[in-house]
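Right, one structure below, let's go through it.
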Amino acid sequence: MGRHVLVIGSGGREHALAWRLASSASVERVSTAPGSPGTATLGATHPVDVDDPASIANLAEQLQADLVVVGPEGPLVAGVVDALTEHEIPAFGPTSDGARIEGSKAFAKDVMITAGVPTAGYVTTTDRDEAHQALDRFSPPYVVKADGLAAGKGVSICDELSDARTAIDDAMVRGRFGDAGARVVIEEFLDGPERSVFAVCDGTHAVLLTPAQDYKRVGDGDIGPNTGGMGAYAPVPGFGPDDVAELGDTIFTPVLAELARRGQPYRGLLYAGLVDTTQGPKLLEFNARFGDPETQVILPLMASDLGELLDASARGSLSDVEVAWHDQAAVTVVMANRGYPTAPETGHAISGLDAVDALDGVVAFHAGTSREGGAIVASGGRVLAVTAVAESVIDARHRAYDAVGRITWDGVHHRSDIAAGVA
């Protein structure tokens with residue numbers, strides 16, 4: 001008998017996790033909570049408040065789940081893994097202490113510096129005047145970050161000093177991010193291409209996954225505000241297995257050791273956002289969960305059993321685990337609602353999903369959809385992540401955009417340059 005895995009969340013990342021787990025030999029059944037119209041095609045969905053650890057633990061107990069995979073960062077910071085552990089239910093994800101690596105940028109920077117990881121210079125403060133004064137220590141572009149969780153929108157990169165001052169006041173005075181902006185991090189700008197590298201961790205060991213390249217800005221040519229991510233591709237040319245192994249030695253191993261030293265051994269997914277600077281790779285940020293939309297290009301390339309991998313992490317037994325990969329490439333294009341990320345329009349019916357579902361090697365992962373009557377409705381900011389797999393990034397890009405062209409709704413928006421120019 002295989003495992004019954006419960007995936008927590010409702011976005012594109014959770015659809016991709018459930019989709020890949022459903023094809024794992026070690027998994028007999030996949031449920032999602034609260035899930036989406038996309039995950040509903042894979043197994044049962046269950047309503048739940050994802051930020052209520054007790055409710056999730058009770059649901060997992062009722063379903064007799066063998067493993068709970070927590071997708072979003074909010075439940076992790078809220079302590080859902082702590083609650084599941086109390087119920088003796090194996091869970092993939094860090095405890096609330098470990099999730100501070102994402103829940104507090106100031107905490108993460110302190111861990112990086114103490115562990116000797118190369119990263120940007122920074123100042124962190126809860127004092128508005130001190131934050132303004134800190135800007136004088138840096139050159140443009142200025143980087144202003146809300147310390148806490150802000151749904152991927154708490155970072156402002158400003159070419160003008162006046163805009164940086166406005167960003168500080170938005171966070172600390174006007175409360176744009178609520179309590180998450182009460183503390184800010186003023187940071188040196190790291191110039192260079194960004195890379196996303198994920199490691200599955202068991203408190204001591206880290207199994208690194210294939211890197212992905214994502215696109216944060218809302219518009220073509222990397223213009224406009226930052227978003228949760230508008231697309232991604234994998235693998236990344238020029239960033240091979242030796243480079244990944246080196247990151248294990250220079251970033252993941254020292255950070256895991258530092259967290260263990262603090263009495264916070266880290267199990268789950270540790271996501272390193274890196275910048276390839278002229279001085280070498282530097283760590284931009286940590287996240288405590290799979291990235292979105294990078295997950296949607298990484299998991300289709302995994303040849304190993306995802307259920308076995310995540311269960312080994314939850315049980316602290318990764319020492320002999322290796323991950324195999326298909327010799328292919330994947331590209332995902334995010335389709336969003338007009339007005340995203342500031343004020344997305346929602347509520348329009350989506351057409352064309354059936355045509356895309358019929359395509360080989362293409363999956364439309366549901367990121368922000370709902371079912372109203374017989375229609376699938378664009379109900380979120382990011383609505384779909386359309387992923388294609390092919391023999392090369394060029395071919396995968398062509399297939400992804402061909403599929404995107406078959407889907408439409410009133411107000412749809414997507415970038416047209418994801419993976420453009422990649423050989």
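- We find the CE-CE distance between M335 and M230 to be 10.0 Å, quoted to the nearest 0.5 Å.
- At least one side-chain heavy atom of I407 sits under 4.5 Å from a side-chain heavy atom of L384.
- Side chains of V77 and R100 form no contact here, defined as non-hydrogen atoms less than 4.5 Å apart.
- Checked for salt-bridge contact, R338 and D410 meet the test: a charged N lies under 4.0 Å from a carboxylate O.
- F252 approaches A206 most closely through the heavy-atom pair CB-CB, 4.1 Å.
- Among all heavy-atom pairs drawn from Y233 and V297, the shortest one is C-CG2, 4.0 Å.
- Contact check on D170 versus R165 returns no salt bridge, with no Lys/Arg side-chain nitrogen under 4.0 Å from an Asp/Glu carboxylate oxygen.
- Side-chain atoms of L274 and L284, non-hydrogen and from C-beta on, never get closer than 4.5 Å to each other.
- Salt bridge D214/K216: present, at least one basic N to carboxylate O contact under 4.0 Å.
- Contact annotation: the side chain of T124 never approaches that of V184 to less than 4.5 Å [non-hydrogen atoms, C-beta and beyond].
- Between F290 and F92, the ring planes are tilted. Angles from 30° to 60° get that label.
- How far OG1 of T95 is from CG of L84: 12.0 Å, rounded to the nearest 0.5 Å.
- Environment of CG in D320: sparse, with no more than 12 heavy atoms of neighbouring residues, nucleotides or ligands closer than 6.0 Å.
- Proximity of D159 to P140: side-chain heavy atoms (C-beta onward) are nowhere separated by under 4.5 Å.
- Of the N and O atoms on the side chains of D202 and S313, not one donor lies less than 3.5 Å from an acceptor on the other residue.
- Side chain of R217 to main chain of N226: no donor-acceptor pair is present (N/O by atom type, distance under 3.5 Å, no hydrogens or angles).
- With a 6.0 Å radius and a threshold of 12 heavy atoms from other residues, nucleotides or ligands, Q279 has its CD atom above the threshold.
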Let me see the working for S26 and R3 under side-chain hydrogen bond (donor to acceptor under 3.5 Å, both in side chains), right down to the final yes or no.
CA-CA 6 Å; S26 69; R3 298 181 181 90; 3.0 Å; yes
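- With hydrogens and angles disregarded, no donor-acceptor distance shorter than 3.5 Å links the side chain of D276 to the backbone of R195.
- Taking the charged nitrogens against the carboxylate oxygens, D110 and R262 do have a contact shorter than 4.0 Å, which makes a salt bridge.
- With hydrogens and angles disregarded, no donor-acceptor distance shorter than 3.5 Å links the side chain of R315 to the backbone of P90.
- Salt bridge D395/R399: absent, no basic N to carboxylate O contact under 4.0 Å.
- Two residues are said to be in side-chain contact when any heavy atoms from C-beta on lie closer than 4.5 Å; P37 and H366 meet this criterion.
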Can D191 and T278 be said to form a side-chain contact (heavy atoms from CB on, under 4.5 Å), step by step?
CA-CA 8 Å; D191 190 18; T278 54; over 6 Å; no
Show, in sequence, the C-alpha distance, side-chain angles and deciding distance for S31 and H4, and conclude whether the side-chain hydrogen bond (donor to acceptor under 3.5 Å, both in side chains) test is met.
CA-CA 8 Å; S31 300; H4 178 196; 2.8 Å; yes
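- Checking side-chain atoms of D97 against main-chain N and O of Q264 turns up no donor-acceptor pair under 3.5 Å.
- Here the side chain of T277 pairs a donor or acceptor atom with the backbone of G280 at under 3.5 angstrom.
- In this structure, E130 CD and T125 OG1 are separated by 3.5 Å, a value rounded to the nearest 0.5 Å.
- Within the 4.5 Å cutoff, side-chain heavy atoms of I376 are placed close to those of R371.
- Residues A234 and V393 share a closest heavy-atom pair of O-CG2, 4.5 Å.
- The minimum heavy-atom distance linking L283 with T119 is given by the pair O-OG1, 2.6 Å.
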Determine, stepwise, if the pair V173 / R128 fulfils side-chain contact (heavy atoms from CB on, under 4.5 Å).
CA-CA 8 Å; V173 179; R128 180 255 187 190; 4.0 Å; yes
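- H132 and D169 are linked by a side-chain donor-acceptor pair at a separation below 3.5 angstrom, with hydrogens and angles left out of the test.
- Side-chain atoms of S24 come within 3.5 Å of backbone atoms of R20 as a donor-acceptor pair (strictly under, hydrogens ignored).
- Residue I251 comes nearest to V117 through the heavy atom pair CG1-CG1, 3.9 Å, listed as atom of the first residue, atom of the second, then distance.
- Side chain of K145 to backbone of E187: no donor-acceptor contact under 3.5 angstrom is found.
- Within the structure, every pair that satisfies the side-chain hydrogen bond (donor to acceptor under 3.5 Å, both in side chains) test and touches residues 285-300, not counting sequence neighbours, is listed here: E73-R289, E102-R289, S196-E294, Y271-E294, D292-Q296.
- Looking only at distances, a side-chain donor or acceptor of K109 sits under 3.5 Å from a matching main-chain atom of A120.
- More than 12 heavy-atom neighbours from other residues, nucleotides or ligands sit within 6.0 angstrom of CG on D136.
- Judged purely by atom type and a 3.5 angstrom limit, N337 uses its side chain to pair as donor or acceptor with the backbone of E345.
- No more than 12 heavy-atom neighbours from other residues, nucleotides or ligands sit within 6.0 angstrom of CD on E246.
- Within the 4.5 Å cutoff, the side chain of M112 has heavy atoms near those of the F286 side chain.
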Decide yes or no on side-chain contact (heavy atoms from CB on, under 4.5 Å) for L209 and V197, but give the supporting numbers first.
CA-CA 7 Å; L209 308 184; V197 181; over 6 Å; no
T32 and L42: CA distance, side-chain angles, deciding distance, side-chain contact (heavy atoms from CB on, under 4.5 Å) verdict
CA-CA 9 Å; T32 54; L42 302 169; over 6 Å; no
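- Between P34 and the choices T39, D49, I8, V50, the side-chain contact (heavy atoms from CB on, under 4.5 Å) rule is met once, by V50.
- The line from CZ of R183 to CE of M172 is 9.0 Å long, rounded to the nearest 0.5 Å.
- Between H414 and Y401, the angle of the ring planes lies from 30° to 60°, which puts this pair in the tilted group.
- The nearest pair of heavy atoms linking T332 to I418 is O-CG2, 3.5 Å.
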Walk me through whether E194 and Q213 qualify under side-chain hydrogen bond (donor to acceptor under 3.5 Å, both in side chains).
CA-CA 7 Å; E194 293 187 25; Q213 170 76 60; over 6 Å; no
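- The backbone N or O of G228 lies less than 3.5 Å from a partner atom in the side chain of R382, making a donor-acceptor pair.
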